[in-house]
Amino acid sequence: MSGKPKTAISPTRGEDYPEWYQQVIKAADLAEVSPVRGCMVIKPWGYALWENMQRVLDRMFKDTGHQNAYFPLFIPMSFLEQEAKHVDGFAKECAVVTHHRLEPGPDGGLVPAGPLEEPLIVRPTSETIIGAMYAKWVQSYRDLPIKINQWANVVRWELRTRLFLRTAEFLWQEGHTAHATSEEAWDETRLMLDVYADFAENYMAMPVLKGEKTAGERFPGAVSTVSIESMMQDLKALQAGTSHFLGQNFSKAQDIKFQDQHGQEVHAWTTSWGVSTRLVGALIMTHSDDDGLVLPPRLAPSHVVILPIYRNDEERASVIEYCQKLAARTREVNYDGQAVRVEIDDRDLRGGEKKWYHVKRGVPIRVEVGPRDVQADGVFVGRRDQPKSAGSSREEFLANLPTILAEMQQGLFDRAAEFREKNTVRLDTLDEFKQYFAEDAPGGFAWCHWSESPEMEQQLKQLKVTARNIPIGQEPEDGKCIFTGQPSSTRAVFARAY
RNA sequence: CGGGGUGUAGCGCAGUCUGGCUAGCGCAUCUGCUUUGGGAGCAGAGGGUCGUAGGUUCGAAUCCUAUCACCCCGACCA
C-alpha cells in the first residue's frame, strides 16, 4: 500500500497531459477502445452526456427552422467524384464496400463474394448524397429554402485516433441547406455558427472564438468555412464546430437548380454545418481536473447523487427512507427549465470509495446522508468545484440548489475564459512569434497580422503551429503580415491544435 | 503510410539477452472474519493454450520467419 494518492487521476495534467486525458475517460467510465481498429465504445455515462448535448442542439436547430431527416450510410463512389475539390479532400480516407455477400472460405472462414458493380463508400459526410436528393426536390424558387439536419454516424479512416477527439467512426449531426440567394445561404452559415457558439458557451461553459478559416484549412469544396475554436488546458486549440458556405460549388456539380421569379434557371446556394462527439473531448479537456471529470450542470447526466451512509440494517432502513424522500423532493426542484436530475447510490460499497467514484465521474453535487443527518433533518453537501463539503439543513439545501448549479455553470465558464485570456497574446513580429511557439515554450493563442502565402505555410509547419481562424467582429487595424510584410487589416489566431 | 517500441490473468508488470523446477508479482475479483461519516485490515480462493500461425529443438513465454494489434515520433487530419 503506497498510501492514499493526492489526486484521483494519475498522472496529473501537469505531468502528462495526453495520458491524463485517457485516464479521465477511463476513470469516469465514458468510453473504451473497441476491438475494431480506431473505433470506440461509448459507455452509458458518456452516451448520456452526448444525449444531453443532442437534446439541446436538436431543440436549437428546430427553433431556427430546421427539420430532421435521414439519408443512407452508403454513397455510390461516383457521387464523391462529382465535386473536384471534394474529391481531393476525401478520396484517401474512406471505407469502401466492394462486395455484398460472404461465402465459406477454404479454412472454415469466410470470404467476400459477389463483387458490386459500383463500389459504395461509407459516408465520410453526406453533401453528395443529400445534394442528389435536393436536385430532385428543387424545381422552383418556391421549393426553397430546404433546411434539413441529420443525426448520424460517419466514418473517416483515420490512422492516429484518440477517444472522442478523432476516431474512425464518430457520431455527429450534419445540417444541409439550400437557398435561392447567396445572401440567404451566408446568413444561414453564420446563424448556425452562432448556434454552435451559443451552445458551447452557455451549455458546455466553454468559451469559443468565432471566425473564418484560412484557405488552407477550409472544407474541401467550400467557398468559406467558419468555425468555433476553443482553448484546452494544455494551451492547444480545438476546433469544436464548423459551418460551411458552399456557394454554388456543390449545386453546380449536382445540378441543384430552380426557376426563379423571372423564369431564369439558377443554381441553388448551399450550406452545411456539423458538430460531433468530439465535443465530449472538448468538454473533458476544458473543465476536468486531477480528480477526474468535471461536468457543467446544464449537461450533466445527473445533477445530484445521494450517498446513504449507515452501519447496520436498522440505520440502513431509516437512512434509505430519508434518502428516497430527499430524492423525491429534489426532483421537484426546477433547474434550467427541468426537474433536477438525481440518483441514489445504494451500492454495497465503502463510503470513501463511493464518494470518489462520483468525484471522478464529475457529478456536480454529492449529498451524503448518515444517521446523524436523518436525526437533524440535514444533509452534508459536496460540490465538484470545491474541495470541502459542508452541512446544511435539508430545506436550505433544496432552496439553494438551483442557485448553486447556476453558480457552478457560470463558474466553469469564467474560469475557462480567464484561462484563455491569460494565455492569449498579440504578436507583431516573426521573432516574437517564433519565441512564443518555441519547442520548450508553453504557447497559447497568438493574434497576428497575416496574409495567405507559402512563407506563412512554411513557417507554421516548422513550428507545428496552425492558423485557427480569423475572428469575426475585429476592429479593422492597419498592420503588416508577420511572415511576409504584406499589408493586413485583420489578425488571425494561431495556435498548436488538435 | 515511413521510423522506433510493446504484446505474459480484468488492469499494470517481472521473467525473454544466456531455451530446462509446477509461469510469478501488485492491483482488481470472490469467500470468511474484523472494521465502518470515508478510496479498509487479516486469512483463503478463483482466474493464463505467454497476440496469432508456422519453424528450429529431447524441450520454446524465451531462438527464427510471417502475420495481427496497440503505443510513441513523423506524414495526414474535411
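Order of the sequence lines fixes the chain letters, A, B, ..., with proteins taken first and strands second; residue numbering starts at 1 for each chain.
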Novice: Using the C1' atom on both, measure B:U56 against B:C73 and round to a whole Å.
Specialist: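 36 Å, rounded to whole Å.
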Novice: Distance check, P atoms only: B:A53 and B:U8, in whole angstrom units.
Specialist: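 That atom pair is separated by 15 Å.
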Novice: Measuring only the P atom in each nucleotide, how far is B:C17 from B:U62? A whole number of Å is fine.
Specialist: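 B:C17 and B:U62 have their P atoms separated by 9 Å.
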Novice: Mind listing the closest non-hydrogen atom pair of A:Thr7 and A:Asp290 along with its distance?
Specialist: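 Residues A:Thr7 and A:Asp290, closest heavy atoms: CB-O, 3.2 Å.
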Novice: Applying salt bridge (Lys or Arg N to Asp or Glu O under 4.0 Å), can you list everything that pairs with A:Lys147, at least two apart in sequence or on another chain?
Specialist: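 In terms of salt bridge (Lys or Arg N to Asp or Glu O under 4.0 Å), with neighbours along the sequence ignored, A:Lys147 is linked to A:Glu188.
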Novice: Which base, if any, makes a Watson-Crick or G-U wobble pair with B:A69, both distances under 3.5 Å?
Specialist: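 When the pairing criteria are applied, B:U6 turns out to be the nucleotide that pairs with B:A69.
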Novice: Detail all sub-3.5 Å separations between protein N/O atoms and N/O atoms belonging to nucleotides 2-12 of chain B.
Specialist:
none

Novice: Do you know the tightest heavy-atom contact between A:Phe170 and A:Ser276?
Specialist: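 Closest heavy-atom pair between A:Phe170 and A:Ser276: CD1-CB, 3.6 Å.
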Novice: Over how many whole Å does the gap from A:Arg366 atom CZ to B:G39 atom C1' extend?
Specialist: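 Answer to the nearest Å: 12 Å.
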Novice: Establish, yes or no, whether the cationic atom of A:Arg156 lies under 6.0 Å from the six-membered ring centre of A:Trp172 and within 45° of the ring axis.
Specialist: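 So A:Arg156 does make the cation-pi contact.
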Novice: Calculate the interatomic distance between A:Ile9 atom CD1 and B:G39 atom C1'; express it in whole Å.
Specialist: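 Going from CD1 in A:Ile9 over to C1' in B:G39 covers 13 Å.
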Novice: Which one of A:Gln173, A:His176, A:Glu174 satisfies the side chain to side chain donor-acceptor pair (under 3.5 Å) criterion with A:Asn149?
Specialist: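 The single option meeting the side chain to side chain donor-acceptor pair (under 3.5 Å) with A:Asn149 is A:Gln173.
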Novice: If we take the C1' atom in both B:A45 and B:U49, what is their distance in whole Å?
Specialist: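 23 Å, rounded to whole Å.
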Novice: Enumerate, atom names and distances included, each donor-acceptor pair closer than 3.5 Å involving a side-chain atom of residues 162-169 of chain A, sequence neighbours excluded.
Specialist:
{"from": "A:Thr167", "atom 1": "OG1", "to": "A:Glu169", "atom 2": "O", "distance (Å)": "2.8"}
{"from": "A:Glu169", "atom 1": "OE2", "to": "A:Asn153", "atom 2": "ND2", "distance (Å)": "2.8"}

Novice: Testing the 3.5 Å rule here: is there a donor-acceptor pair between the side chains of A:Glu184 and A:His179?
Specialist: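 Yes, side-chain donor-acceptor contact under 3.5 Å.
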Novice: Reckon A:Asn312 touches a base, only the sugar-phosphate, or nothing at all at heavy-atom distances under 4.0 Å?
Specialist: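 Counting heavy atoms under 4.0 Å across all strands, no contact is made by A:Asn312.
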Novice: Both distances under 3.5 Å, Watson-Crick or G-U wobble: report the partner of B:G59, or none.
Specialist: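 When the pairing criteria are applied, nothing turns out to pair with B:G59, so the answer is none.
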Novice: Taking the six-membered ring for Trp, are A:Phe494 and A:Phe445 closer than 6.0 Å centroid to centroid?
Specialist: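 Between A:Phe445 and A:Phe494, which both carry aromatic rings, the centre distance is not below 6.0 Å.
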Novice: Check the distance between B:G39's C1' and A:Trp356's CH2 and give it to me in whole angstrom.
Specialist: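 Result: 8 Å.
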Novice: Give me the distance, rounded to whole Å, that separates B:A66 from B:C76 when you measure between the C1' atoms they each carry.
Specialist: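 Roughly 29 Å separates the two C1' atoms.
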Novice: Mind checking if A:Tyr310 touches a base, just sugar-phosphate, or nothing, with heavy atoms under 4.0 Å?
Specialist: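 Result for A:Tyr310 = nothing.
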Novice: Look at the side chain of A:Lys360 and decide which nucleotide, out of B:C77, B:G37, B:G39, has an atom nearest to it.
Specialist: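 Of the candidates, B:G39 comes closest.
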Novice: Using the P atom as the reference point in each nucleotide, state the distance between B:G38 and B:G10 in Å, no decimals.
Specialist: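 Taking atom P in both B:G38 and B:G10, they lie 35 Å apart.
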Novice: Might you point out which heavy atoms bring A:Pro308 and A:Val319 nearest each other, and give the distance in Å?
Specialist: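 The pair with the smallest heavy-atom distance is CB-CG1, 3.7 Å.
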Novice: Under a 3.5 Å cut-off for both contacts, is B:U35 paired Watson-Crick or G-U wobble with anything, and if yes, with which nucleotide?
Specialist: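 Check on B:U35: unpaired, no WC or wobble geometry under 3.5 Å.
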Novice: I want to confirm an ordering. Mapping A:Tyr498 and A:Arg372 to their closest nucleotides on RNA chain B, which one lands closer to the 5' end?
Specialist: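 Counting from the 5' end, the first nearest nucleotide belongs to A:Arg372.
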Novice: Nearest whole angstrom, please: distance from the P of B:C77 to the CZ of A:Phe219.
Specialist: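 Distance check: A:Phe219 CZ to B:C77 P gives 14 Å.
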Novice: Between P on B:C1 and CH2 on A:Trp157, what's the gap in Å once rounded to a whole number?
Specialist: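 Spelled out: CH2 on A:Trp157 to P on B:C1 is 11 Å.
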Novice: Classify the angle between the aromatic ring planes of A:Phe219 and A:His244 as parallel (below 30°), tilted (30 to 60°) or perpendicular (above 60°).
Specialist: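 The arrangement is parallel - the two ring planes meet at less than 30°.
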Novice: Is the terminal nitrogen or CZ of A:Arg347 (NZ for Lys, CZ for Arg) located under 6.0 angstrom from the six-membered ring centre of A:Tyr357 and within 45° of that ring's axis?
Specialist: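 Verdict for A:Tyr357: a cation-pi partner in A:Arg347.
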Novice: If B:U29 has a Watson-Crick or G-U wobble mate with both distances under 3.5 Å, name it; if not, just say none.
Specialist: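 Across all strands, the one nucleotide that pairs with B:U29 is B:A45.
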Novice: Does B:C21 have a Watson-Crick or wobble partner in any strand here, with both distances under 3.5 angstrom, and which is it?
Specialist: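 Pairing partner: none.
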Novice: Give a yes-or-no answer on whether the side chains of A:Gln459 and A:Glu455 include a donor-acceptor pair shorter than 3.5 Å.
Specialist: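 No donor-acceptor contact under 3.5 Å links the two side chains.
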Novice: Between N or O atoms, less than 3.5 Å apart, protein on one side and nucleotides 29-35 of chain B on the other: list the pairs.
Specialist:
{"from": "B:U35", "atom 1": "O2", "to": "A:Arg350", "atom 2": "NH1", "distance (Å)": "3.2"}

Novice: How many whole angstroms separate atom NZ of A:Lys355 from atom C1' of B:U36?
Specialist: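 It is 16 Å, rounded to the nearest whole Å.
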Novice: In whole Å, measure the gap between the P atoms of B:C1 and B:G48 for me.
Specialist: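 Their P atoms lie roughly 36 Å apart.
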Novice: May I have the distance from A:Glu229 (atom CD) to B:C77 (atom C1'), rounded to whole angstrom?
Specialist: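 My rounded result for the distance is 14 Å.
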Novice: Under 3.5 Å, is there a donor on one side chain and an acceptor on the other for A:Glu217 and A:Thr466?
Specialist: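 No.
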Novice: Return the value, rounded to whole Å, for the distance between atom CG of A:Leu165 and atom P of B:C77.
Specialist: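 Spelled out: CG on A:Leu165 to P on B:C77 is 17 Å.
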Novice: Report the residue (A:Val369 or A:Pro220) whose heavy-atom-nearest nucleotide on RNA chain B is the more 5′ of the two.
Specialist: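 Result: A:Val369.
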Novice: Spell out protein contact along nucleotides 70-76 of chain B as letters: B when the base is contacted, S when just the sugar-phosphate is, - when no protein heavy atom is under 4.0 Å; keep the 5' to 3' order.
Specialist: S--SBBS
Novice: Does B:C1 have a Watson-Crick or wobble partner in any strand here, with both distances under 3.5 angstrom, and which is it?
Specialist: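 WC or wobble partner is B:G74.
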Novice: Checking A:Arg491 now: which residues fulfil side chain to side chain donor-acceptor pair (under 3.5 Å) with it, not counting sequence neighbours?
Specialist: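 A:Asp428, A:Glu477.
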Novice: Please report the distance separating the P of B:G55 from the corresponding atom of B:A28, rounded so that it comes out in whole Å.
Specialist: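 These two P atoms come out 43 Å apart once rounded.
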